[in-house]
*Asks:* 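Have a look at this one before I ask anything.
Keep in mind it's a predicted model, so treat the numbers as computed, not measured. Just follow the structure's listing: the first ligand is 1, and inside any ligand the first atom is 1.
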Amino acid sequence: MTPFSYERAADAADAVRRAAGPAAKYLGGGTNLVDLMRETIERPRRLVDVTGLSTEIAKNADGGLVIGAAARNTAVAEHRLVRRRYPMLARAILAGASAQIRNMATVGGNILQRTRCIYFYDDEGSRCNKREPGEGCDAIGGFNRNHAILGASPSCIATHPSDMAVALVALDAMVHLRSAGGERSLALAELYRPPGDRPDIETVLGPGELVTRITLPAGPLAARSDYRKVRDRASYAFALVSVAAALSVEDGRVAAVRLAFGGVAHKPWRAWKAEAALRGSRPEAKAFAAAAEAELAAAEPLKGNAFKLDLLRRTTVAVLEKLAGDRA
Ligand code: SF4
């Protein structure tokens with residue numbers, strides 16, 4: 001491990017001040033960053049611990065929910081407002097990792113965790129453009145069962161590993177940021193950069209910019225929502241595919257729907273085309289499958305991960321049929 005200094009921030013302004021300058025990283029629960037440091041894939045010279053920042057989980061002024069970036073995943077999943085009003089979020093977190101990891105991991109760290117592409121971690125034996133831009137990508141012609149079918153580039157086909165972020169994107173979450181230049185907010189779906197020819201640059205965050213909180217809008221739609229994750233084994237593993245969905249049916253037609261996919265792209269993938277295809281249709285398997293197909297029309301599967309097309313379509317149909325049945 002490369003030597004580094006450690007300091008603990010008192011509040012968000014203090015954290016931003018301490019992280020000024022090169023080679024500083026914010027430290028949340030450390031469940032991903034510390035692993036990467038052990039492998040010398042991440043080599044920060046200074047760690048600024050932000051676990052003392054806001055852990056608030058509460059109703060905000062407009063009736064939605066605010067979640068402090070330092071809130072632990074377990075606290076979010078177990079919170080009564082999350083369980084009652086945003087069940088897909090609680091289920092996504094519970095599907096994401098073991099209790100020990102959930103107890104450590106923070107919300108801010110979760111949405112910024114890095115891919116688990118095996119070649120990215122193989123510092124000694126594999127080429128990886130995310131680790132070393134311009135080096136090449138051994139996943140493209142290699143073992144790519146877990147890799148992206150949407151939004152990838154000729155430089156990188158990695159997937160984003162978070163389950164929580166898939167639910168948050170489906171829920172129209174906003175992410176609130178602070179830097180030396182001030183504060184700003186953006187839709188979480190806009191936080192992630194496409195890989196293009198610089199897959200090492202994963203977000204639109206500026207230098208030293210800190211995630212301070214997440215907010216979720218109010219509204220009844222999310223109260224009956226679900227998250228389903230398909231993985232290679234029953235114990236904890238990253239998603240082959242996952243689906244976060246909320247569905248509202250009125251007068252026998254889909255009135256509103258939110259849909260996001262995990263395990264298939266460099267980011268939690270909001271299925272805008274599928275949502276558009278579903279609105280106004282009958283809530284039945286044929287329409288659900290057609291909606292998934294509309295989203296997957298742009299997919300570019302590889303030999304090792306083409307099975308994800310069918311798996312994602314079937315999972316989408318299953319989740320939406322369950323939600324439609326819940327309303328019957
Ligand atoms: Fe690296 Fe991306 Fe290729 Fe994986 S898919 S080896 S992360 S460039």
*Asks:* Taking the basic N atoms (NZ, or NE/NH1/NH2) and the acidic carboxylate oxygens, is any pair closer than 4.0 Å for E135 and R127?
*Replies:* no
*Asks:* Is R198 paired with D200 through a side-chain N to carboxylate O contact shorter than 4.0 Å?
*Replies:* yes
*Asks:* In the shown structure, where waters are left out, how many protein N, O or S atoms lie under 2.8 Å from atom 2 (Fe) of ligand 1?
*Replies:* 1
*Asks:* One pair to check against salt bridge (charged side-chain N to carboxylate O under 4.0 Å, His left out): R270 and D172. What are the steps and the verdict?
*Replies:* CA-CA 9 Å; R270 182 70 180 264; D172 292 319; 2.6 Å; yes
*Asks:* Go through E202 and R193 one step at a time and tell me if the salt bridge (charged side-chain N to carboxylate O under 4.0 Å, His left out) criterion holds.
*Replies:* CA-CA 5 Å; E202 294 168 355; R193 275 182 89 255; over 6 Å; no
*Asks:* Just checking, R18 and Y26: is the charged tip under 6.0 Å from the six-membered ring centre and within 45° of the axis?
*Replies:*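 Judged by the rule (NZ or CZ under 6.0 Å from the ring centre, within 45° of its axis), R18 is not positioned above Y26.
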*Asks:* Count the heavy atoms belonging to other residues, nucleotides or ligands that lie under 6.0 Å from CZ of R282, then report whether that count exceeds 12.
*Replies:*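 No - once you tally the heavy atoms of other residues, nucleotides and ligands closer than 6.0 Å, there are 12 at most.
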